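What follows is a set of notes on a single structure, which appears directly below.
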Amino acid sequence: MIRIEGGRPLRGTVQAAGSKNAALPAVMASLLTVEPMVLQNVPRLLDVDAAVALAEALGKEVRWQDSTIVLNGGRELAPEAPAPLVQRMRASFLALGPILARRGEGRMPLPGGCSIGPRPVDLHLAGLRRLGASFDVRGGTVHASAPRLAGTTVYLDYPSVGATEQLLLAGALADGVTAIVNPAREPEVVDLGRLLTAMGAPVTWREDRVEIRGQSALNGTTHRVIPDRVEAGTYLLAGAITRGAVTVVGARHEHLDALLSKLVETGAEVRVNEDAVTVALGVRPQAVNIQTLPYPGFPTDLQPPMISFLSTASGRSTARETVFASRFNYVGALARMGAQVQVTADTVLTDGVETLHGAEVEATDIRAGAALVLAALAAAEATEIRGEMHLARGYAGLPEKLRSLGAEVCVTD
Ligand code: UD1
């Protein structure tokens, strides 16, 4: 359980961690090569541990050195991913492309992950089918085979992050060029493209598509994972909701444009430079409306923390969620803390209140947890948040970072 005594303005500087959502596909990319891979700036998180455990179960040897992981071996890749690992974390499903590309067959349990609505993998499978794979789903497991993967043009009905990454990973060892039309363009996908290019499979971004030129074998490389824009955004919002001023060093402001422009609209002061972003807010923010969209739109992962922040604004804010169904499971807990929130279909309406108050609440996924932490930081009394393991999935060293900004946080069993 995390206990937070709220009501203290957060002030100071924190260092951005490496991006979880860029580190996970990077670990999966290591499955494509038998040469050593060095991934730097990797955050120590439960989800990264799960990805590492999966890579090990499939035949890699992995060593941690501070925030660097070194991945070796994997000459014989196992054909089957262990169900508990894939069910623990949805991104594990990305191992399917590499397993298929390396072995010509593989078995992958259907994934789990955050409880934020139905999250199918139909786009992953349809895309891999276009490259020549065939599937049979039996007993909750995808049995896949592809004696040969051949590059072709794949049109994505939706710019899915996972499906784009899956196809880039498979395309890296396919014959010829794989073109993904309507791809996801999230910075984490671009980072994977940079990594695959360094491994010898050039990735080219064009107006309507991304292309990868497949190779018969890939080399190892050293890759520095980009900073985590969602973590950075969460700390910036923590400063704003407590009417303080937080600087995140190492954050890339160009990855945070959608959030920062909304924060300016609320009245916050935003300062950016090459290597840091600062958000300061001394007064009550103005209500704003947001709509989540694929990048460069407002990120769905910042929707819950943003709503916490807006629940203390002056006026009515609306947030429309277009990326995931049912991503409002934290709203009931926020209401118990005094927020005036109503959910109608895909939209949350928030009539801002002057102050939130403490309560006993439970985090149900990573970003719901972040929303509750923010509300707790601003609340007049103490808040106890259960389900803190969700926070450990996505926020490295959260209690320490918050304390360094002046928050009163303790973690108990
Ligand atoms: C990734 C991120 C997650 C982020 C999301 C959107 C990782 C590990 N996770 O998740 O934090 O919130 O991008 O930015 O990087 N969909 C389908 N069929 C598919 C695949 C997706 O219908 O085959 C739907 C999903 O149900 C969802 C939407 O597409 O409604 C977006 O999903 P997607 O972009 O694939 O997100 P993830 O890769 O799961």
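Since this is a predicted model, take the numbers as computed values, not measurements. Just so you know, ligand 1 is whichever comes first in the structure, and atom 1 is the first atom listed for that ligand.
Counting heavy atoms of neighbouring residues, nucleotides and ligands inside a 6.0 Å radius, atom CG of Asp136 exceeds 12 of them. The number of heavy atoms from other shown groups lying within 6.0 Å of CD (Glu76) does not exceed 12.
Residue Thr300 has no N or O atom closer than 3.5 Å to an N or O atom of ligand 1. Backbone and side-chain nitrogen or oxygen atoms of Tyr158 are examined, and none is located within less than 3.5 angstrom of a nitrogen or oxygen of ligand 1. Below 3.5 Å of separation, one finds no N or O of Ala325 facing any N or O of ligand 1. Between Leu123 and ligand 1, at least one N/O pair is under 3.5 Å apart.
Between Leu192, Val121, Val323, Asp122, it is Asp122 that holds the heavy atom closest to atom 17 (C) of ligand 1. Counting only non-hydrogen atoms, the option in Val161, Leu302, Val230 that gets closest to atom 14 (O) of ligand 1 is Val161. Counting heavy atoms only, Pro120 comes closest to atom 22 (O) of ligand 1 of the residues Pro120, Ala126, Pro25.
Contact annotation for Arg90 and ligand 1: only side-chain heavy atoms (C-beta onward) come within less than 4.0 Å of the ligand. Of all the heavy atoms of Arg327, the ones lying under 4.0 Å from any atom of ligand 1 belong exclusively to the side chain.
Cation-pi geometry between Arg185 and Trp205 is not met at under 6.0 angstrom from the ring centre and within 45 degrees of the axis.
With Thr164 contributing its side chain and Ala184 its backbone, the two residues share a donor-acceptor pair below 3.5 Å.
Results of the side chain to side chain contact (heavy atoms under 4.5 Å, CB included) test with Leu302 over Leu236, Ile290, Val230 single out Val230 as the only residue that passes.
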